[in-house]
Chemist: 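Mind having a look at this structure? Questions to follow.
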Amino acid sequence: TTHARVAVLERSRTRYEAAQTLTESLAKRVDSLKMDMGELSNSAVSITTVERERDRLTAQIGAVREQIEQIMASTAVNAYTELRWHIPPDGTVR
C-alpha cells in the first residue's frame, strides 16, 4: 500500500541522514587526528634537534672542564716552580 511505502521511504531517509551525519562527524575526527599526527611529527623532529644540541653542549662542557683542569694543573705546577722568596719564611736572610 501507499502508506507502507511512505513509511519505508521515511525510515530509509532517516537512516540515510543518520549515516550521513555520522560520516561527516568521522571525517572531521579523521581530519583532527591528521592534524594531531602532524603536530606530533613536528614535535618529534624538535625533540631530536634538542637532544642533538644537548649532546653537543654536553661534549663542549666536558672539553671546557678538561681545559680548565689542565690550566689549573699547569698553574699549580708553575706556582710551585716560580716561587722565590725575598725573605724565606724562617726569617733568615741569604
Chemist: Under 4.5 Å between side-chain heavy atoms, chaining through other members, with only Ile, Leu, Val, Met, Phe, Trp and Tyr counted: pull out the rest of the cluster around Leu26, sorted by chain and number.
Modeler: Leu22
Chemist: Show me the side-chain donor-acceptor pairs of residues 6-18 shorter than 3.5 Å, one per line, residues at least two apart or across chains.
Modeler:
unit_1 : atom_1 : unit_2 : atom_2 : d
Glu10  : OE1    : Arg13  : NH2    : 3.2
Glu10  : OE2    : Arg13  : NH2    : 2.4
Ser12  : OG     : Val8   : O      : 3.0
Arg13  : NH1    : Glu17  : OE1    : 3.3
Arg13  : NH1    : Glu17  : OE2    : 2.7
Thr14  : OG1    : Glu10  : O      : 2.9

Chemist: Please list all pairs passing the side-chain hydrogen bond (donor to acceptor under 3.5 Å, both in side chains) test where one or both residues lie in residues 44-64, with sequence neighbours left out.
Modeler: Glu53-Arg56, Arg56-Gln60
Chemist: Throw together a table of side-chain donor-acceptor distances under 3.5 angstrom for residues 27-39, partners on residues two or more places apart or in other chains.
Modeler:
none

Chemist: Could you give the distance from CD1 (Ile47) to CG (Asn42), rounded to the nearest 0.5 Å?
Modeler: 11.0 Å
